[in-house]
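Side chains are part of it too, since the values below use all heavy atoms of this structure and drop only hydrogens, waters and symmetry mates. Lettering of chains follows the sequences in order, A, B, ..., and the numbering in each one begins at 1.
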Number of protein chains: 2
Amino acid sequence: MKSTRNTTAKSAIQLLLQQSSVALSHKDIQNEVGKLCNRVTIYRILDRLVEEGEIHKIINTDGVIKYAPCNQCESHPNHNHDHVHFSCVKCDTVTCLDNVQPSYNLPPDYKVQEVNFTLSGICPNCIK
Amino acid sequence: MKSTRNTTAKSAIQLLLQQSSVALSHKDIQNEVGKLCNRVTIYRILDRLVEEGEIHKIINTDGVIKYAPCNQCESHPNHNHDHVHFSCVKCDTVTCLDNVQPSYNLPPDYKVQEVNFTLSGICPNCIK
DNA sequence: TAGGAAATGCAACTGAATTGCATTAGTTTT
DNA sequence: AAAACTAATGCAATTCAGTTGCATTTCCTA
């Protein structure tokens, strides 16, 4: 059986994501961890964390992939990620709005597995 | 003043999109038009069509960019693209659900400019 | 139909992401 | 505590999507 290990790089990246108020891209993380580990390793660690359900992937409206921790995963074992993300065009940050759940009425015969809902505009920090 | 011209390649691509029931990626279009025009030209034509408001861009959940015509643009001059897109994981097609408009309750001080709402799962064609 | 500008083709370039493989470092077992 | 197993890492090379510069072509209009 395949196991997963706790390495220093993995722990550092996981902590980084948990302490960040916004979602981080691969490049953000690379800038932050510096020479702690290789560029390629960051890709692989992020894949692993997604696989393990520790973080989730967000595709921003500009196509850039960002990552954020799954805040509600502990409390909800069968968690889904159907909350709203907000992408600020001014400060270029992506935030998880964990409490905002969108509603919609689909035609019959569509079976939804995942939801990806991103709003873009001006965030409260930038609107002032 | 800058004008825009109707070239054979542009017309062909526009027709292709209008006649397609699903959104098309750059690669889809390239396969379809064959040697009619260059790879780079397709990129530039798609940019132009988006600019002109003839088509809109959809970022799929896997990060692939797809394009679809703006069906309601003629009737709604100040149209927005806040309808739902459905991405089928089985047949890998993206469809515009023009009539499905999501609703959500944002915290105050968020100013929304654009909406990007993509559901993924199994489409009616594949569920049978 | 002639002139000016938009559009195209081609080649080169950029940057993000992936792959293969040798090496390193967690984890488990004795 | 040392050995052994294998996940994880680093590095170099590669792939792929998308962009840019520039010479040439094609469209439009005056």
Side-chain angles (χ1 to χ4, degrees), chain A residues 1-17 22-68 87 92-94 116 118, chain B residues 1-17 22-68 87 92-94 116 118:
Chain A
M1 179 155 46
K2 204 184 291 182
S3 73
T4 178
R5 296 177 182 173
N6 280 328
T7 64
T8 50
K10 184 186 165 191
S11 305
I13 289 175
Q14 196 167 359
L15 186 65
L16 190 65
L17 285 165
V22 298
L24 301 176
S25 68
H26 174 272
K27 195 188 279 180
D28 295 334
I29 294 170
Q30 194 178 347
N31 289 337
E32 206 64 38
V33 301
K35 289 177 62 84
L36 171 67
C37 70
N38 191 268
R39 207 169 64 81
V40 179
T41 303
I42 299 176
Y43 282 115
R44 298 198 259 227
I45 287 175
L46 290 171
D47 285 347
R48 232 181 305 151
L49 288 172
V50 169
E51 186 97 359
E52 295 169 13
E54 297 288 339
I55 63 176
H56 66 282
K57 208 188 252 200
I58 307 160
I59 304 206
N60 199 359
T61 40
D62 60 2
V64 173
I65 298 174
K66 303 234 178 183
Y67 297 88
S87 172
D92 193 36
T93 62
V94 173
N116 196 293
T118 304
Chain B
M1 181 158 42
K2 204 184 290 182
S3 74
T4 178
R5 294 177 182 174
N6 281 329
T7 63
T8 51
K10 182 185 166 191
S11 306
I13 289 174
Q14 196 168 359
L15 187 65
L16 190 64
L17 285 165
V22 297
L24 302 176
S25 67
H26 174 271
K27 196 188 281 181
D28 294 335
I29 293 170
Q30 195 178 347
N31 289 337
E32 206 64 37
V33 301
K35 289 177 58 87
L36 171 66
C37 70
N38 189 268
R39 204 168 67 81
V40 179
T41 303
I42 299 176
Y43 283 113
R44 297 198 260 226
I45 287 174
L46 289 171
D47 285 347
R48 231 181 306 152
L49 288 171
V50 169
E51 187 97 359
E52 294 169 13
E54 297 288 339
I55 63 178
H56 65 281
K57 207 188 253 202
I58 308 161
I59 304 204
N60 199 0
T61 40
D62 60 2
V64 173
I65 297 174
K66 304 234 178 184
Y67 298 88
S87 171
D92 194 36
T93 62
V94 173
N116 196 292
T118 305

Identified side chain to side chain contact (heavy atoms under 4.5 Å, CB included) counterpart of A/Ile13 within the set A/Ile45, A/Leu24, A/Thr41: A/Ile45

Value in whole Å for how far the C1' atom of C/dT8 lies from CG of B/Leu36: 11 Å

B/Lys10 NZ to C/dT8 P, straight-line distance once rounded to whole Å: 9 Å

Distance in angstrom units between A/Ile45 CD1 and D/dA7 P, rounded: 16 Å

Shortest non-hydrogen separation from B/Ile55 to B/Tyr67 and the atoms involved: CD1-CD2, 3.8 Å

Residues B/Glu54 and B/Lys10 bridged, charged N to O under 4.0 Å: no

Interatomic distance, B/Glu51 CD vs C/dA7 P [rounded to whole Å]: 11 Å

Gap between atom OG1 of A/Thr4 and atom CD of A/Glu52 - 0.5 Å precision: 4.0 Å

Side-chain N or O of A/Thr7 closer than 4.0 Å to phosphate OP1/OP2 of D/dA8: no

Heavy-atom closest pair, residues B/Leu36 and B/Ala12: CD2-CB, 3.6 Å

Under-4.0 Å side-chain N/O to phosphate OP1/OP2 contact, A/Asn38 with D/dT9: no

Atom pairs under 3.5 Å: protein N/O with N/O of nucleotides 19-24 of chain D:
residue	atom	partner	partner atom	Å
D/dT19	O4	B/Arg39	NH2	3.4

Presence of A/Thr4 side-chain N/O under 4.0 Å of D/dA8 phosphate oxygens OP1/OP2: yes

Nucleotide nearest A/Arg48 (side chain, heavy atoms from C-beta), chosen from D/dT9, C/dA17, C/dG26: D/dT9

DNA chain D: 5'-proximal contact among B/Arg5 and A/Thr8 (nearest heavy atom): A/Thr8

Spacing of A/Lys27 atom NZ relative to C/dG15 atom C1', expressed in whole Å: 8 Å

